[in-house]
Undergrad: 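For reference, the structure I am asking about is given below.
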Amino acid sequence: MSGQGVLQERGGLWSGRRWIFEKLPSTNRWALDNSKLLRHGDAVVARQQTAGRGRFDRIWQSPGTENLTVSFCIDVDPAKPPPSLLPAAAAVAVRNTLFKAGAPATLKWPNDVICCNRKIAGILAEQDSLHENRIILGIGININPAAPIEVENGRLPAVGLHQVDGGCRWGTEQLLSELVIHLELWLKAVQNDPHTLLEEWRKYDALAGRQLSITTAAGRINGSYAGIDGQGRLLLQEETGNISAHWAGDVSISGTIPAGTGLFQ
Ligand code: BTN
């Protein structure tokens with residue numbers, strides 16, 4: 001490996017190697033560009049990203065303080081159906097990791113992890129165009145962003161683990177070790193037992209019972225949230241009563257907030 005990074009061989013539950021960099025433009029970009037060097041389970045970690053990417057080509061800001069920015073190389077089983085729920089599985093794994101670290105996080109379709117009405121983590125899964133069955137799974141978790149009020153990752157303002165009441169003072173290493181345990185569990189579930197994954201999602205679904213609008217390439221549609229289906233699509237009951245299914249889009253909450261939920265005020 002060139003002088004910029006360190007390669008660690010690892011044992012343990014998921015014996016992927018760690019490619020550790022002080023600074024990269026984007027761990028997803030590096031993983032896609034260097035995919036031939038990677039094996040299933042490898043993790044590319046950067047202590048700082050200068051051009052982190054989010055969904056819809058948004059910028060993922062991780063100012064040079066403590067944040068976890070990591071991309072995992074995942075080779076899926078070609079004999080099984082394509083795992084369109086993989087990003088959802090990653091979101092559940094991140095949510096459960098953060099919960100273990102003291103943050104009462106919830107899930108917002110398609111794969112945002114939120115806490116105290118702010119975004120604490122985001123996921124960007126990208127197909128490797130050279131390896132048909134390979135997905136680069138990028139995860140950004142805010143631990144201690146320098147200016148959480150001003151930093152927007154996506155459409156919600158950001159919050160870091162250390163800013164959440166009861167959030168542990170974990171650093172990137174501890175968070176990554178815990179994340180790997182949860183990821184292994186939920187990435188297995190997504191191919192073998194997707195119902196368990198959907199049940200887990202429902203338990204922490206921040207959109208349950210909400211009136212939404214979703215903006216897609218086709219425009220904006222209002223309706224009531226009707227869950228996610230077995231392929232990971234958002235189901236929306238439109239004002240006509242018709243239920244439409246959406247692969248992608250930006251969701252915003254409208255209408256009355258049920259009392260006592262504390263989210264999305
Ligand atoms: C989103 O919420 O829009 C997804 C954000 C994904 C950010 C992570 S940070 C590690 C990896 N490298 C990137 O450039 N992006 C992902």
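Since this is a predicted model, take the numbers as computed values, not measurements. Both counts, for ligands and for their atoms, begin at 1 and track the order of listing.
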Undergrad: Any nitrogen or oxygen of Ser26 lying under 3.5 Å from a nitrogen or oxygen in ligand 1? Just yes or no.
TA: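 Yes - when backbone and side-chain N and O of Ser26 are compared with those of ligand 1, one distance drops under 3.5 Å.
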Undergrad: Within ligand 1, which atoms have a heavy atom of Gly122 less than 4.0 Å away?
TA: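 Taking each heavy atom of Gly122 in turn, ligand 1 has 2 (O), 4 (C), 5 (C), 6 (C) under 4.0 Å.
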Undergrad: Do Gln191 and Asp77 get their side chains close enough for a donor-acceptor pair, meaning under 3.5 Å?
TA: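 Judged by distance alone, the side chains do not pair up.
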Undergrad: Please name the pair of heavy atoms, one in Val164 and one in Pro104, separated by the smallest distance, quoted to 0.1 Å.
TA: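 Closest approach of Val164 to Pro104, heavy atoms only: CG1-CD, 3.8 Å.
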Undergrad: Out of the candidates Gln237, Gln211, Glu239, Glu238, only one should pair with Ser224 under the side-chain hydrogen bond (donor to acceptor under 3.5 Å, both in side chains) rule; please name it.
TA: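 Running side-chain hydrogen bond (donor to acceptor under 3.5 Å, both in side chains) over Gln237, Gln211, Glu239, Glu238 with Ser224 returns exactly one hit, Gln211.
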Undergrad: Can you name the atoms of ligand 1, numbered from 1 with element, that are less than 4.0 Å from a heavy atom of Val70?
TA: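 Going through ligand 1 atom by atom, the ones under 4.0 Å from Val70 are 10 (C).
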Undergrad: Output the list of atoms in ligand 1 that are nearer than 4.0 Å to some heavy atom of Arg55, sorted by atom number.
TA: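 The atoms of ligand 1 under 4.0 Å from a heavy atom of Arg55 are 1 (C), 3 (O), 4 (C).
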Undergrad: Quiz question: by atom type and distance under 3.5 Å, do the side chains of Thr215 and Asp250 form a donor-acceptor pair?
TA: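 Checked: Thr215/Asp250 side chains show no N/O donor-acceptor pair below 3.5 Å.
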Undergrad: Under 4.0 Å between a side-chain nitrogen and a carboxylate oxygen: does that hold for Arg169 and Glu66?
TA: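 Looking at Arg169 and Glu66, the cut-off is not met.
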Undergrad: For ligand 1, which part of Lys119 has a heavy atom less than 4.0 Å away: the side chain, the backbone, both, or neither?
TA: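 Contact part for Lys119 vs ligand 1: side chain (C-beta onward).
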Undergrad: Distance under 4.0 Å to a non-hydrogen atom of Gly140: what atoms of ligand 1 satisfy this?
TA: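 The atoms of ligand 1 under 4.0 Å from a heavy atom of Gly140 are 8 (C), 9 (S).
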Undergrad: Using atom types as modelled, flag every donor-acceptor pair under 3.5 Å from a side chain in residues 91-100 to any protein atom, sequence neighbours excluded.
TA:
residue : atom : partner : partner atom : Å
Arg95   : NE   : Ala105  : O            : 3.0
Asn96   : ND2  : Glu200  : OE2          : 3.0
Thr97   : OG1  : Ala93   : O            : 2.7
Lys100  : NZ   : Glu178  : OE2          : 3.2

Undergrad: With a heavy-atom distance limit of 4.0 Å, tell me whether Asn111 approaches ligand 1 through its side chain, its backbone, both, or neither.
TA: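 Looking at Asn111 and ligand 1, no heavy atom falls under 4.0 Å.
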Undergrad: Can you list the ligand 1 atoms lying under 4.0 Å from a non-hydrogen atom of Gly54?
TA: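 Once the distances to Gly54 are compared, the set is 1 (C), 3 (O), 4 (C), 5 (C).
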Undergrad: Which of the numbered atoms in ligand 1 are below 4.0 angstrom from a heavy atom of Gly52?
TA: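 Here the atoms of ligand 1 in question are 14 (O).
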Undergrad: Around Asn242, counting heavy atoms of other residues, nucleotides and ligands shown, do more than 12 lie under 6.0 Å from its CG?
TA: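 Enclosed: over 12 neighbouring heavy atoms sit under 6.0 Å from CG of Asn242.
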Undergrad: Which atoms of ligand 1 sit under 4.0 Å from any heavy atom of Arg53?
TA: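 Atoms satisfying the 4.0 Å criterion: 5 (C), 6 (C), 7 (C), 13 (C), 14 (O), 15 (N), 16 (C).
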Undergrad: Just wondering, do Trp186 and Thr196 contact through their side chains at under 4.5 Å, heavy atoms?
TA: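 Yes; the side chains approach each other to less than 4.5 Å.
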Undergrad: Can you find an N or O of Thr69 that's nearer than 3.5 Å to an N or O of ligand 1?
TA: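 No, since none of the N or O atoms of Thr69 sits under 3.5 Å from an N or O of ligand 1.
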Undergrad: Thr27 heavy atoms, cut-off 4.0 Å: which ligand 1 atoms fall inside?
TA: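 Atoms satisfying the 4.0 Å criterion: 10 (C), 11 (C), 12 (N).
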Undergrad: What part of Gln49, side chain from CB on, backbone N/CA/C/O, both or neither, has a heavy atom under 4.0 Å from ligand 1?
TA: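 Answer for Gln49: side chain.
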Undergrad: Return a table of donor-acceptor pairs under 3.5 angstrom between the side chains of residues 79-86 and protein atoms on other chains or two or more places apart.
TA:
residue : atom : partner : partner atom : Å
Lys80   : NZ   : Asn192  : OD1          : 2.7
Ser84   : OG   : Gln231  : O            : 2.8

